[in-house]
Amino acid sequence: MGSARTALFNWLFARHCGGEMVLRVEDTDAALKTQEYVDAIVEPLRWLGIDWDSGPHFQSERRDIHGAAIEQLLADGTAYYCDLTRAEIEERCAAAGLPVGYHGWSRDRGVSDGPGVVVRFRCPDHGETVVEDVVRGRVGFPNESLEDFVIRRGDGSPTFHLANAVDDHHMGITHVIRGEDLLNTTPRVMLIWQALGFGEPPVYAHLPLLVNAKRQKLSKRRDDVALHNYQRRGYLPEAMVNHLALLGWGPPDDVEIRPLDEIVELFDLAAVKPAPAFFDPARLDHINSAYIRALTPDQFADRALPFAAGVGAVDGDAGGMADGQGASEDAPARTERVRAATLRLAGDLQQRVATLTDVAGWIDWIVADDVVCDEKAWHKSIVKGRAAAEVLEAVEARLARDDFSSAERLEAIVMGVGDDLTESIGARVRSQPPVRVALSGTGAGLPLWEPMRLLGKEETLRRIRAARERL
RNA sequence: GCCCCCAUCGUCCAGCGGCCUAGGACGCCGGCCUUUCACGCCGGUAACACGGGUUCGAAUCCCGUUGGGGGUGCCA
């Protein structure tokens, strides 16, 4: 999620300026050179609709260019070899009474290259390295606080600071927009940049971090951040993009939910707020439901179907991810019923769901073979409901004479029963509650009339009869 | 420990020296609409962390304090 937000802001900025978006995979560490790593970057971007004009480029394929830069730094003395292990460094610190860290230990030891030997960058001992940041202004780092960092590992591979300086220069990168967690490493890249004589550095912008409710940087381990989980739970990518765009930035006119092209139009990198932002799931729900409501019935049905396909299955997976396993040969028939229900009830469903997976919960009683009865609702509307038995009896009788061709007429019939009984009894009789419980088993839900048509005359009457028998 | 960043309603975003008795959105709480639920509409709740300056005037500028966060790897 954090990476997606960073990518989105890069994309918004590039599109806003008519610039070029470059996708570069920073896989200098061997552990990152895997297909899963690349997929984890590319798939969420594709889902969100964030595209790029160049790449993906892989830093791991540019080893020789990085190697040449390292040689250059070694040759002019800005870099040197070091063979100290972590433990040895700590020993030296302890012996010298210095805080843990690398205090230029190998600067003058004359170490020569060999297996396991690293190359470190010689940081200036005085002065200051300044990052001119678009969202934060001038950020200065005293050079004394910078430690001689590794630019080439023991296995010969470059670290990302080195690779970034070199690649940004060679690839003509003009703007580097990334998370604030990288702000502290920027002086390293700038120092390398200067040492290599690259001239004017790119423009930097460090975005505020996305944090959890406890205001900590989002973490894969403890926070719900995997985008595919949101996809699976029925969030629309366009809603996710809209929500993400609103974290750290807001349109000048306060219109928050709006088409992407307008966001591109209005986006302003310099207006990004520097404070961390909480990813609020409740707000995502609100935005997602707004996007769902804006869909046409056809679009809604198309997009909801994959999430509702398993509804009503014998061992039904309400999450909609049913794989058909255990769901018998009537699965295709059920899918057809689900499709018909989502399409014909689209409007009613759209104003009631926050995510596409919610659809299942509203239509399961229409699609399932039988009613799952909520006993509390049964008690309230049928046992305690005024004249419930008479209502069901009359409704059944009158419905039996109808052909179910009009939802409006079905409504008039059921409501008419209530009105007639109210008059004859002399007390208010509500006919809808008992009918609702008889048909759906619950006390609240969708308007009943179109679902009754979906259920069909036969099944509707059967359920009413079943309720009467139970009474 | 050291370095860096941040600080307006519970949350997100406005505000960039006077238009602020601080605005919008989400959430929450009421009400209206409705013979269910929901949508919609109306209303309410709720914030400039604290202390010093600067200024005729500060949420807005400066300094400090406090609080939060990030970094401190042969990860990125």
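From a predicted model like this one, the values you see are computed outputs, not experimental measurements. Letters go in sequence order (proteins before strands), and every chain restarts at 1.
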Just to be sure I understand the rule, does [X] reach a base, reach only the sugar-phosphate, or reach nothing, if contact means heavy atoms closer than 4.0 Å?
X      : result
A/D348 : nothing
A/R430 : base
A/R428 : base
A/G154 : base
A/P99  : nothing
A/L182 : base
A/T85  : nothing
A/P447 : base
A/G140 : sugar-phosphate
A/A271 : sugar-phosphate

ring-ring contact (aromatic ring centres under 6.0 Å, His included) partners of residues 149-170 of chain A, not counting sequence neighbours, each pair once: A/F121-A/F149, A/F149-A/H161, A/H169-A/W193, A/H169-A/F198
ring-ring contact (aromatic ring centres under 6.0 Å, His included): pairs with one or both residues in residues 23-43 of chain A, sequence neighbours excluded: none
Listed nucleotide nearest any side-chain atom of [X], set [options]:
X      : options             : result
A/A282 : B/C5, B/G70, B/C26  : B/C26
A/R136 : B/U8, B/C74, B/C5   : B/C5
A/V139 : B/U11, B/C4, B/U8   : B/C4
A/P274 : B/G69, B/C3, B/A7   : B/A7
A/S145 : B/G69, B/U8, B/C3   : B/C3
A/H161 : B/U36, B/A76, B/U72 : B/A76

Summary of salt bridge (charged side-chain N to carboxylate O under 4.0 Å, His left out) pairs that have at least one residue in residues 269-295 of chain A, sequence neighbours excluded: A/E256-A/R283
Pairs meeting criterion salt bridge (charged side-chain N to carboxylate O under 4.0 Å, His left out) with involvement of residues 139-150 of chain A, two or more places apart: A/R107-A/D148
Would you mind reading off the distance between [X] atom [atom1] and [N] atom [atom2], rounded to a whole angstrom?
X      : N     : atom1 : atom2 : value
A/D148 : B/C2  : CG    : P     : 21 Å
A/E256 : B/C26 : CD    : P     : 8 Å
A/H286 : B/C13 : NE2   : P     : 16 Å
A/N212 : B/G69 : CG    : P     : 10 Å
A/K33  : B/A76 : NZ    : P     : 13 Å

Hey, does the side chain of [X] come within less than 4.0 Å of [N]'s phosphate (OP1/OP2), counting only N and O?
X      : N     : answer
A/R215 : B/C12 : yes
A/T28  : B/A76 : yes
A/R120 : B/C74 : yes
A/R352 : B/C39 : no
A/K217 : B/G71 : yes

According to the Watson-Crick and G-U wobble definitions, with both distances under 3.5 Å, which nucleotide is paired to [N]?
N     : value
B/A49 : B/U65
B/A38 : none
B/G1  : B/U72

A/H103 and A/W105 aromatic ring geometry - parallel, tilted or perpendicular at 30°/60° bounds: perpendicular
Under-4.0 Å salt bridge between A/D374 and A/K380: no
Base B/G71 paired with A/D181 side chain (donor-acceptor, <3.5 Å): no
Salt bridge (Lys or Arg N to Asp or Glu O under 4.0 Å) against A/D268, all qualifying residues, sequence neighbours excluded: none
Intermediate values then yes/no, salt bridge (Lys or Arg N to Asp or Glu O under 4.0 Å), A/R136 and A/E180: CA-CA 10 Å; A/R136 278 150 227 284; A/E180 197 207 319; 3.6 Å; yes
Base-contact (B) and sugar-phosphate-only (S) positions in nucleotides 40-47 of chain B, heavy-atom cut-off under 4.0 Å, - elsewhere: S-------
